[in-house]
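Computed from a prediction, not measured in an experiment: that's the story for all the values here. These values consider heavy atoms only, across backbone and side chains, with no hydrogens, waters or symmetry-generated copies. For ligands, and for the atoms within them, numbers begin at 1 and follow the listed sequence.
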Amino acid sequence: MSRCNRRQLLAGLGLAAVGHSVVVNARQGRANKRPSNERTTGVGKLALQDYEPKSMLHVPETRVERARFPVIDFHTHLSWSARRRQITEAHNNATPEEVLPVMDRKNLRMMVNLTGGYGKVLEQTINYWQKPHPDRFIVFTEPWFEKINEPGYPQFQADQIGHAQELGAKGLKVLKTLGLYLRERVTTGPLVKIDDHRFDPMWEAAGAHRMPVAIHISDPEAFFLPTDRFNERYEELSAHPDWSFHGKDFPSNQQLQEARNRVIARHPKTQFVVLHVGDAENLPYITELLDRYRNMHVEIGARIGELGRQPRASRKFFEKYQDRILFGTDAVPGGNDTPQQIFGEQLYEIYYRFLETEDEYFDYAPAPKPPQGRWRIYGIGLPESILRKVYHENAERLLRLTS
Ligand SMILES: [Zn+2]
């Protein structure tokens, strides 16, 4: 029976309207009676933010409770370095006692806390996470951006890398602060460029100390476009208007990427881990860069939404660069602002499902609505040899850990 005939039949039996009102009531949880015209015209009145369609696909759902191999999560934020009126202090997002049991259940051997800060904060952070659990937590340092316009900054910043290593830091993290927030007078003046020569001694020092640089520059391409009805991240940008880099004096995504590329090219002995795959929406471009720069690696945190909606391209990408892709989630314990980053069992299960299974059309974040865009993802079912590398071997090599 065609759909049209079925509809006519139901209408003839007086069931079509009843069927519809059941749906409306299920959503709104209200009494049965609704004006008859709303049964038809009410369909167009659902606000986008209230729309939570459930997939009707009958497809296999695999629960991957533990990763097949031990995992190093290369991209987490267990702490921030809060800055208030010149007083800088560490802010921990959780305690090791809260995090460790989750890690054990998920076969998560180690977490790299990228935002360890510098100076006193770095020391506090290392003492809190890494010192008591050196086989479970690793801490990276960050640049002392506030001193950018002080005389002697380039050498000072280079020296800080060595000091950080003495304290126990295993790498350097650069947030998108560089390129999008940091200005000549820190918060005012022109934006400081990513390839500003004042940072050259810092990149070199990281290479000399064999500390990998985890670098996040730019953001999804849609963040640089107007937040309008054509923007595929309209809901995400509406929820976080400050994430938009459209207009003002912001560089374009391409300018940011190119400035980062010049840094990678200028410091061939420094190992760069480009976070968030660099530009997960443009794998052909990242492929080109990985072929061009032997000292470049990528990490996949908060981008399985992108990788998983192009599963065939992603699978080829993982096959080709299996030695240079690192597992990461961008996990932050607590908070529910960004569901795709909330540290917890659900988050890891989604990543494992994406990497290990060929499940189809599932949520990339533990949230009632896909938070980064209205789509779902497909698993890429990587073979064990690649899983081992992505889960831990590539990170071990860069961090110079022995398994
Ligand atoms: Zn991050």
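- The pair R105-E65 fails the salt-bridge criterion, with no side-chain N (NZ, NE, NH1 or NH2) lying under 4.0 Å from an Asp/Glu carboxylate O.
- H77 lies close to the Zn ion (ligand 1), since one of its N, O or S atoms is found at a distance under 2.8 Å.
- Separation of atoms OH (Y351) and CG (L307) is listed at 9.0 Å; rounding is to 0.5 Å.
- The shortest heavy-atom contact between N107 and R68 is ND2-C, 4.2 Å.
- Metal site remark for the Zn ion (ligand 1): H75 contributes an N, O or S atom at a distance under 2.8 Å.
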Using the rule given for side chain to side chain donor-acceptor pair (under 3.5 Å), can you reason through Q310 versus E306, listing the C-alpha separation, both sets of side-chain angles and the distance that settles it, and then say yes or no?
CA-CA 7 Å; Q310 46 180 332; E306 300 305 327; 5.4 Å; no

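- Distances from the Zn ion (ligand 1) to the N/O/S atoms of D330 are shortest for OD1.
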